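Scroll down for the structure; my scribbles are underneath it.
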Protein chains: 2
Amino acid sequence: MSKDSPNADLPTNTRQRRSSDQVTLSHVAQVAGVSPITASRALNYPDKVSDSARRSVLQAVESLGYVPNLVAGSLASSRSRLIAVIVPSLINSVFVEVIKGLQETLEAEGYQILLGNTDYDLDREYQLVRTFLGWSCSALVTAGLRHNSACHTLLANWDHPIMEVMELGQGMDLNVGLDHVAAGRCMATHLTDKGYRHIVYVGARLAQDYRASMRFDGHKAVLKEKGVDAPLLELDTLGSLQAGAEGLAQVLEQYPHTQAIHFANDDLAAGALLAAQRQGLNVPGDIAIAGFNGLPLGQHVTPQLTTILSPREEMGRLAAKELIRRLSGKNVYRRQHNVGFTLQIGGST
Amino acid sequence: MSKDSPNADLPTNTRQRRSSDQVTLSHVAQVAGVSPITASRALNYPDKVSDSARRSVLQAVESLGYVPNLVAGSLASSRSRLIAVIVPSLINSVFVEVIKGLQETLEAEGYQILLGNTDYDLDREYQLVRTFLGWSCSALVTAGLRHNSACHTLLANWDHPIMEVMELGQGMDLNVGLDHVAAGRCMATHLTDKGYRHIVYVGARLAQDYRASMRFDGHKAVLKEKGVDAPLLELDTLGSLQAGAEGLAQVLEQYPHTQAIHFANDDLAAGALLAAQRQGLNVPGDIAIAGFNGLPLGQHVTPQLTTILSPREEMGRLAAKELIRRLSGKNVYRRQHNVGFTLQIGGST
DNA sequence: CGCTGTCATGATAGCGCTACCATTCGTTTT
DNA sequence: AAAACGAATGGTAGCGCTATCATGACAGCG
């Protein structure tokens, strides 16, 4: 690092602050022979300055190795091009795929993602929202429609776009998701259509993963219409292959007549399917297994897993596009977008 | 300065700026009956102010619903409590697990993560680094030791901690990772010890996933010592279960005498294992399969996958801890940390 | 020739916060 | 008792950038 440094004759202050050898826009402007504000425009609104000014500014940027101070820019303009993204978990690949969809779309438009993880804790969500608002984020994306009341108040008074993803419903602002009750109904209908009558729904931590419990509601409604019981088995661990294997074992023990298990997600279902294989159980002969999400793994096990495919990356991309549309001042025609789902019938049912 | 007219007489400016109904620290200070600077201290250095001052400030914060403007704070203090995290991919769960380890540790210390995804493109990495430096990040975490020259220059002149994770070696600053060449050697040694002689290494996009190619180097060296060939099959897709299935097919076709396949990662290996099962091939009788990473899936297939377990979340946590230590001004005893790996022998070899 | 409109540029004044130094006051030291 | 000290507080001056308004130059037009 050069010590003799550029601060040639910019304001030589009396006291104050470390003299910061940082290259600022003023240095650039000086070298380019224009005023700081023109240099600013050359970088941010290239077509607002003359060709010659733009060229010399860009050249000065290059030669000085200038890196814009985005913090200062954000403070001055109160626009940060940061998008807060809050998810309840990173272990669950579902959220990661949504993040991926968001990211590829947002980064292409010059936005950066500020990532927060609530670990399914709404108070933690509130804290994260507070912090992120402090960064003057351009928008906020959060998984789910449920928030605690402090968080709700904070967001309601915030005047930037809010995008709630994953589930569908009356949200605070924008919403992209799918109808989990309908998804639960869909799978339950498939199972009853197949002739199964003793069907157990197995979920993990439903109080946290309340979307899984919405799917159970759909499932239960269908079974009730058919006049059959809808037992629920709730596991105490987070969804995983291991938990699925345990779920299978518990179902076989507690509900020995079970013909089919409707798992809250594919991790559980695949874990159960692989465990069934190890134990020499025939799927679906001895026990049918269904999941939710449409993870690739489900397509690679034998028999293939019957599941509901949710368009996760697509959900992220669509959410990002709608946000961008809104951020660029365009009209938003619909606040709610249903990305839907697809029943994927494999050999496991 | 006359403070005698208490309420609405904060700077009433001539022109300038939208009047910003935002609650600022000055409002808080006014309500609390202290100077802005004392309010600032009450929030940032609580033990630097009297109990009474702190109490009234906190109460004013509460009653006004004040949310600190972190952008302004960062500009003034040139500390942002943001940590830039740059990974090459989010599809690969390995990086997500590292992020998770980083995040749980960093968030607990009040740092936020600014996430970037390079898609294995070093130029993209450079762009992200530039942007992140513009945010005055407190530190930067990046996956891997390889950067393009512009990026290298930029980072070399940056005076904040840089943490390079995943692999082990002479980095720019701090480094937490594992020795991929040794990991490749380890697995190759296991396979040759088992008596296999016709062993193919299968990787995906090795130019991008150069850590997989380092493992191949280790693998090749061992086979060379044993005096046997080390054929390499490179797939053109990214690692996935599907790609693993294809890899198996191609190996069987191109190298019919193959006894064992050493896959670059568990996704590929598990995909191959599941495909072998579908085709009625006996693993390891007809073909042995080994992977790398120690994903849970490998433990749930039959036979269990022989693999090398890398402590990914642990890597993230350790990296975060070392960063925090450095950021809080403590001495860093070692710049390099080897998190090691464990050979996990399953039935697949 | 003045009038208006457009374009490129610049001077000024902050965005909301904190670093720096100065001041006050009560307590300890010599 | 004077001097020295530390703790609590405050005034001031920016951090580096951009919004706003002002200016000057020049084209088109009656």
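All of these numbers come straight from a predicted model, not from anything done at the bench. Below, read A as the first sequence line, B as the second, and so on, with proteins coming before strands; counting in each chain starts at 1.
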Please check the phosphate of [N] (OP1 and OP2 only) for any side-chain N or O of [X] closer than 4.0 Å.
{"X": "B:Thr38", "N": "D:dG10", "result": "yes"}
{"X": "B:Tyr66", "N": "C:dC17", "result": "yes"}
{"X": "B:Ser77", "N": "D:dC15", "result": "no"}
{"X": "A:Ser35", "N": "C:dG10", "result": "yes"}
{"X": "A:Ser40", "N": "D:dC17", "result": "no"}
{"X": "B:Asn44", "N": "C:dT18", "result": "yes"}

Protein-nucleotide distance ([X], atom [atom1]; [N], atom [atom2]), rounded to Å:
{"X": "A:Leu75", "N": "C:dT18", "atom1": "CG", "atom2": "P", "result": "12 Å"}
{"X": "A:Arg55", "N": "C:dA8", "atom1": "CZ", "atom2": "P", "result": "14 Å"}
{"X": "B:Leu133", "N": "D:dG16", "atom1": "CG", "atom2": "P", "result": "15 Å"}
{"X": "A:Leu43", "N": "D:dT18", "atom1": "CG", "atom2": "P", "result": "8 Å"}
{"X": "B:Asn69", "N": "D:dC17", "atom1": "CG", "atom2": "C1'", "result": "14 Å"}
{"X": "A:Tyr45", "N": "D:dT20", "atom1": "OH", "atom2": "C1'", "result": "12 Å"}
{"X": "A:Arg81", "N": "D:dC17", "atom1": "CZ", "atom2": "P", "result": "17 Å"}
{"X": "B:Ile37", "N": "D:dA13", "atom1": "CD1", "atom2": "P", "result": "14 Å"}

Legend entry - Validation row: B:Lys100, A:Ile91 side chains within 4.5 angstrom (heavy atoms):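 The answer is yes; the side chains approach within 4.5 Å.
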
Legend entry - Pairwise side-chain contact, B:Cys137 with B:Leu114, heavy-atom cut-off 4.5 Å (strictly under):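 SC-SC contact between B:Cys137 and B:Leu114 confirmed.
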
Inset, instruction - Assign A:Val71 to base, sugar-phosphate, or nothing according to its heavy-atom contacts below 4.0 angstrom with the strands shown. - result: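 No contact at all - A:Val71 keeps every heavy atom at 4.0 Å or more from the nucleic acid.
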
Inset, instruction - Using a heavy-atom cut-off of under 4.0 Å over every strand shown, decide if A:Arg79 touches base, sugar-phosphate, or nothing. - result: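 Sugar-phosphate, backbone atoms only, no base.
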
Inset, instruction - Would you kindly compare A:Pro36 and A:Lys48 by the position of their nearest DNA chain C nucleotide and give the one closer to the 5′ end? - result: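 The residue closer to the strand's 5' end, by nearest nucleotide, is A:Lys48.
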
Inset, instruction - Find which nucleotide of DNA chain D each of A:Leu25 and A:Arg41 is nearest to by heavy atoms, and output the residue with the more 5' nucleotide. - result: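 Nearest nucleotide further toward 5': that of A:Leu25.
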
Legend entry - Reported CG-to-CD distance for the pair B:Leu64 and B:Glu62, which is rounded to 0.5 angstrom: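 Interatomic distance, B:Leu64 CG to B:Glu62 CD, rounded to 0.5 Å: 10.0 Å.
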
Inset, instruction - Report the relative orientation of the aromatic rings in B:Tyr120 and B:Phe95; use parallel for angles under 30°, tilted for 30 to 60°, perpendicular for over 60°. - result: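 Aromatic pair B:Tyr120/B:Phe95 classed perpendicular.
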
Legend entry - Parallel, tilted or perpendicular: rings of B:Trp135 and A:Trp135 (30°, 60°):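 Taking B:Trp135 first and then A:Trp135, their aromatic rings stand perpendicular (interplane angle over 60°).
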
